[in-house]
Protein chains: 2
Amino acid sequence: MERKTRQRAAIRAAFEAARRPLSPAEVLEIAQRDLDRLGIATVYRNLKAMVEDGSLAKVELPGEPDRYELAGLAHHHHFRCRSCERVFDVTGCVEGLRNLVPRRFRLEGHELTLVGQCGDCVRAA
Amino acid sequence: MERKTRQRAAIRAAFEAARRPLSPAEVLEIAQRDLDRLGIATVYRNLKAMVEDGSLAKVELPGEPDRYELAGLAHHHHFRCRSCERVFDVTGCVEGLRNLVPRRFRLEGHELTLVGQCGDCVRAA
DNA sequence: ATAGATGCAAAGAGTTTGCATAGGT
DNA sequence: ACCTATGCAAACTCTTTGCATCTAT
């Protein structure tokens, strides 16, 4: 992906406007508001290329389709609200990870998802 | 699923032999060693029924297809090998979870997935 | 004998790929 | 003008569903 295309600009703009992790379908929907001829294959190709060139990060949540967010954030995890299904970034990390790893296994990374209710939904309940 | 069929017995036996979370395709492969006429649709139907009756638990990992394991295990997490794609249970948990939660959010649960290489793949490398 | 479970194939949903062509350089 | 990136449609993968048949009770 060497050229600056309007498709790619619309995809990047979608993330800047949303400020939260987006699925490919959400990216298509948002970017099509500006570029109605945009095809889903182009979205997939650009998401893949943007992850490879480091401008996007893939957000994988248990039991959910992959989402993507703008890269450059510090190490963080995610909190998924069971009520509104929104996903939030949480900063910081936990301790004791290495103690969990079986002998001879090599730990290279980890993913943590917190689940519960976000502030808005706690207040509404 | 009220009847005792040989298909269902073979599926249950696959989990008892594997002792780790299995994907539908893995279940099919293992159970077909005993029952070669077993179809993938039957595997899916039985997995779904066994989750509903409480004999299996669904294991959802970030970016991975759903896997299943025998129910009734104590609180635990999972380790996914990047080389062979197998998933293993790890016992124990981490500390500091509550510190990550934003103010006013309510933490109800969490899912942790470790990623790396399993003992077999470390040795093979 | 009855009705639930199975096997196969087709249908869906989500993602990737082939190919002719628009469009960025 | 060149050649990359796009749009469309077909191909793929994973999962579910329809239906005739098998089989546990």
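In the text below, chain A, chain B and the rest are named by the order of the sequence lines, each starting its count at 1. Computed from a predicted structure; not experimentally measured.
- Partners of B:Glu85 by side-chain contact (heavy atoms from CB on, under 4.5 Å), not counting sequence neighbours, listed by chain and number: B:Glu64, B:Arg80.
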Nucleotide by nucleotide, nucleotides 20-25 of chain D touches protein heavy atoms under 4.0 Å in the pattern (B base, S sugar-phosphate only, - none) ---BBS
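- Heavy-atom nearest nucleotides on DNA chain D were determined for A:Leu35 and for B:Ala25, and the one closer to the 5' end corresponds to A:Leu35.
- Using a 4.0 Å heavy-atom cutoff across all strands shown, B:Ile40 reaches no nucleic acid atom at all.
- For the pair A:Leu47 CG and C:dT16 C1', the computed distance is 13 Å after rounding to whole Å.
- Linking ILVMFWY residues whenever their side-chain heavy atoms come closer than 4.5 Å, directly or via other members, leaves A:Val115 and B:Leu97 in distinct clusters.
- Going from atom CG of A:Leu28 over to atom P of D:dC8 covers 11 Å, rounded to whole Å.
- For the pair B:Phe88/B:Cys118, a side-chain contact is recorded, criterion being any heavy-atom separation below 4.5 Å from C-beta on.
- Between the P atom of D:dT6 and the CG atom of A:Leu38 lies a distance of 9 Å, rounded to the nearest Å.
- Of all heavy-atom pairs spanning A:Cys93 and B:Leu100, the tightest one is N-CD2, 3.5 Å.
- To the nearest angstrom, P of C:dA5 lies 13 Å from CD1 of B:Ile11.
- Taking atom CG on A:Leu22 and atom C1' on C:dG14, their separation rounds to 17 Å, with Å as the unit.
- In this structure, CE of B:Met1 is placed 18 Å from P of C:dA3, rounded to the nearest angstrom.
- For B:Tyr68 and D:dC14, the OH to P distance is 14 Å, given to the nearest whole Å.
- The residue B:Arg45 sits close to a base: some heavy atom pair falls under 4.0 Å.
- Taking the side chain as every heavy atom from C-beta outward, B:Glu26 and B:Arg20 approach each other to under 4.5 Å.
- In this structure, the CG atom of A:Asn46 is 13 Å from the P atom of C:dT16, given to the nearest Å.
- Under a 3.5 Å cut-off, the side chain of B:Gln32 and the backbone N or O of B:Leu38 do form a donor-acceptor pair.
- One finds a salt bridge joining B:Arg8 and B:Asp53 here, because a Lys/Arg side-chain nitrogen approaches an Asp/Glu carboxylate oxygen to under 4.0 Å.
- A heavy atom lying under 4.0 Å from DNA chain D marks none of the residues of residues 54-61 of chain B.
- Proximity of B:His76 to B:Glu69: side-chain heavy atoms (C-beta onward) are separated by under 4.5 Å at one or more points.
- Counting heavy atoms from C-beta on, the side chains of B:Asp89 and B:His78 come closer than 4.5 Å.
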